[in-house]
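Note sheet for the following structure.
Please read these numbers as outputs of a predicted model, since none were measured by experiment.
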Amino acid sequence: MNNSILIKNSTIVNEEKSFVADVLLSDGFIHKIGNIDIKPDYKAIDGTGKHLLPGIIDGQVHFRDPGLTHKGDIYTESKAAIAGGVTSFIDMPNTVPNILTVESLRDKYNIAAKKSLANYSFFLGVNGDNIDEVIKMDTSKFIGVSDDGLYFTKKGNLLADSPEKMEKLFANCNSIIAIHSEKEEIIEANEEAFRKKYGEAIPANLHPIIRSAEGCYEATKRAIDLARKHNARLHILHLTTEAETHLFRNDIPLKEKKITTEVSVHHLWFSDKDYDQLGMLIKWNPAIKTEKDKYGLLKALLDDRIDIITTDHAPHTLQEKQQPYFKSMSGAPMVQHTLNCMLEFYKQGLISLEKVVEKMCHNPATLYSIARRGFIREGYFADLTLVDLNSTWTVTKDNILYKCGWSPLEGTTFQTAIKQTFVNGNLVYDNGTFNETAKGMEITIKPN
Ligand SMILES: O=C1C[C@@H](C(=O)O)NC(=O)N1
């Protein structure tokens with residue numbers, strides 16, 4: 001058998017269990033899990049003392065390709081993803097051009113086929129201008145439609161500015177509708193009030209007061225009410241408040257949920273206490289909120305009101321970030337460090353390894369109906385990451401792989417390290433070095 005890699009003796013974390021076994025990867029797939037003898041034509045990797053997880057499926061990234069490639073591009077950011085154990089990503093439509101048509105979506109797939117080291121899929125963008133076209137399409141073959149980062153009027157998001165159009169979308173769309181949920185009217189009123197007081201020099205720690213918890217709650221409640229009314233398939237992106245978590249159910253299996261949600265790791269990692277030190281570097285939309293929100297989100301993740309963890313990787317240059325409040329761009333790069341953050345929570349006793357794998361690997365595959373990925377199962381694609389839970393890793397300028405060259409986590413020492421990442425059976429990341437010969441694949445969706 002050619003192209004075979006045998007990972008010996010690692011602890012496999014998969015489907016609520018952790019157990020020591022060997023895994024044989026052949027021709028892109030997981031061929032066998034069990035007690036497997038080394039053969040001369042296998043490349044053997046000693047996994048003793050390490051943990052083998054399914055590759056992370058990141059349901060929300062902004063890799064900036066095409067059109068914003070001074071911030072990041074599909075090659076640089078997919079490489080950073082793989083060093084962080086992420087083997088598949090779903091990218092948002094707020095590139096230039098915005099991805100609002102099937103043609104632009106196809107162009108993006110073509111770019112990824114040439115440049116991506118990880119597996120990929122893309123949301124079709126939906127804004128106030130293309131709802132009529134979107135509802136005529138057979139979007140059941142798309143991973144989903146999303147308004148994230150798109151602006152339908154000069155200011156304001158689709159949800160806030162056009163409830164009628166939103167209703168039309170919910171009544172007619174046959175795919176997952178992934179919504180950025182903040183109520184723009186509330187934000188604008190807050191912005192005006194604070195502008196009067198501070199001019200342009202609004203301190204970063206007022207960001208969660210401006211993009212308030214109330215603005216999030218009202219928008220999320222409105223979206224859920226609309227989805228219930230029309231039996232639509234709604235996914236609320238990057239939840240940030242404890243109050244919103246109570247709007248979601250945990251009494252039915254994920255497969256049966258019509259309304260799902262996620263948390264992005266920065267909303268679990270940072271809180272409003274961090275604005276004093278990090279300022280605009282942690283300015284995100286929706287905003288990092290209070291300690292109470294942070295722990296409320298963790299609790300909801302553990303009790304299954306929150307279904308998946310995403311990175312919302314949103315790189316901007318340092319120069320674009322270090323501006324006065326209104327000019328400073330929202331978002332920051334996270335994809336290389338998200339698994340480390342979650343493993344750190346595990347080391348602190350806040351979450352089990354099995355739960356990390358459920359929320360970062362199994363559930364994204366289930367939620368987006370991704371075929372043969374997200375689990376360590378024979379016959380599935382060999383997307384895997386081998387981590388060392390007894391090693392340290394410090395985020396430094398030298399080891400940050402983002403094109404923008406910075407991270408809000410710079411200087412952080414994690415008590416775990418990501419050692420190797422396999423994509424479609426290829427060892428692509430190996431202790432700091434890359435094998436770039438094989439490209440990632442388009443993620444396929446399971447037929448209904
Ligand atoms: O929804 C978004 C978009 C993202 C970006 O920079 O594209 N940045 C954010 O902070 N939130």
key: Pairing residues for Asp293 by the salt bridge (charged side-chain N to carboxylate O under 4.0 Å, His left out) criterion, not counting sequence neighbours   = none
ask   = Which residues satisfy the side chain to side chain donor-acceptor pair (under 3.5 Å) test with Asn9, sequence neighbours excluded?
value = none
query = Just how far is it from atom CZ of Arg228 to atom CG of Leu234, taken to the nearest 0.5 Å?
reply = 9.5 Å
message = Main chain of Phe19, side chain of Thr11: is a donor-acceptor contact present, judged purely on distance under 3.5 Å?
response = no
ask   = Partners of Asp303 by side-chain contact (heavy atoms from CB on, under 4.5 Å), sequence neighbours excluded?
value = Asn250, Lys299, Ala300, Arg305
remark   = Sequence neighbours excluded, the answer for salt bridge (charged side-chain N to carboxylate O under 4.0 Å, His left out) partners of Lys50 is none
Under 3.5 Å donor-acceptor, Asn119 side chain and Gly440 backbone = no
request  = Using distance alone, with no hydrogens and no angle criterion, decide if Glu262 and His238 have a side-chain donor and acceptor under 3.5 Å apart.
outcome  = no
ask   = Can the ring centroids of Phe89 and His313 be said to lie less than 6.0 angstrom from one another?
value = no
message = My understanding is that only residues two or more places apart in sequence, or in another chain, count here; which of them pass side-chain contact (heavy atoms from CB on, under 4.5 Å) with Met329?
response = Lys71, His316, Glu320
Any pair counted as salt bridge (charged side-chain N to carboxylate O under 4.0 Å, His left out), so long as it reaches residues 431-448, sequence neighbours left out = Lys79-Glu436
message = Determine whether a donor-acceptor pair (N or O, by modelled atom type, separation under 3.5 Å) exists between the side chain of Asn94 and the backbone of Leu150.
response = no
ask   = Which residue pairs pass the salt bridge (charged side-chain N to carboxylate O under 4.0 Å, His left out) test when at least one of the two sits in residues 95-114, sequence neighbours left out?
value = Asp91-Lys108
query = Is there a ring-ring contact (aromatic ring centres under 6.0 Å, His included) between Tyr380 and Phe29 once you walk through the steps?
reply = CA-CA 6 Å; Tyr380 272 52; Phe29 295 96; 9.3 Å; no
query = With Thr433, which residues qualify under side chain to side chain donor-acceptor pair (under 3.5 Å), at least two apart?
reply = none
Set of residues satisfying side-chain contact (heavy atoms from CB on, under 4.5 Å) with respect to Asp272, sequence neighbours excluded = Tyr275, Thr290
query = Ignoring hydrogens and geometry, is there a side-chain-to-backbone donor-acceptor pair from Lys359 to Leu301 under 3.5 Å?
reply = yes
note = So salt bridge (charged side-chain N to carboxylate O under 4.0 Å, His left out) across residues 236-246, not counting sequence neighbours, yields Glu242-Lys292
inquiry  = What I want to check is whether the side chains of Thr311 and Asp58 have a donor and an acceptor closer together than 3.5 Å.
reply    = yes
inquiry  = Which residues pass the side-chain contact (heavy atoms from CB on, under 4.5 Å) test with Asp251, not counting sequence neighbours?
reply    = Arg249
ask   = So which pairs with a foot in residues 377-391 pass salt bridge (charged side-chain N to carboxylate O under 4.0 Å, His left out), sequence neighbours left out?
value = Glu15-Arg377, Arg373-Asp383
ask   = How far does CG of Leu409 sit from CD1 of Ile282, to the nearest 0.5 angstrom?
value = 10.5 Å
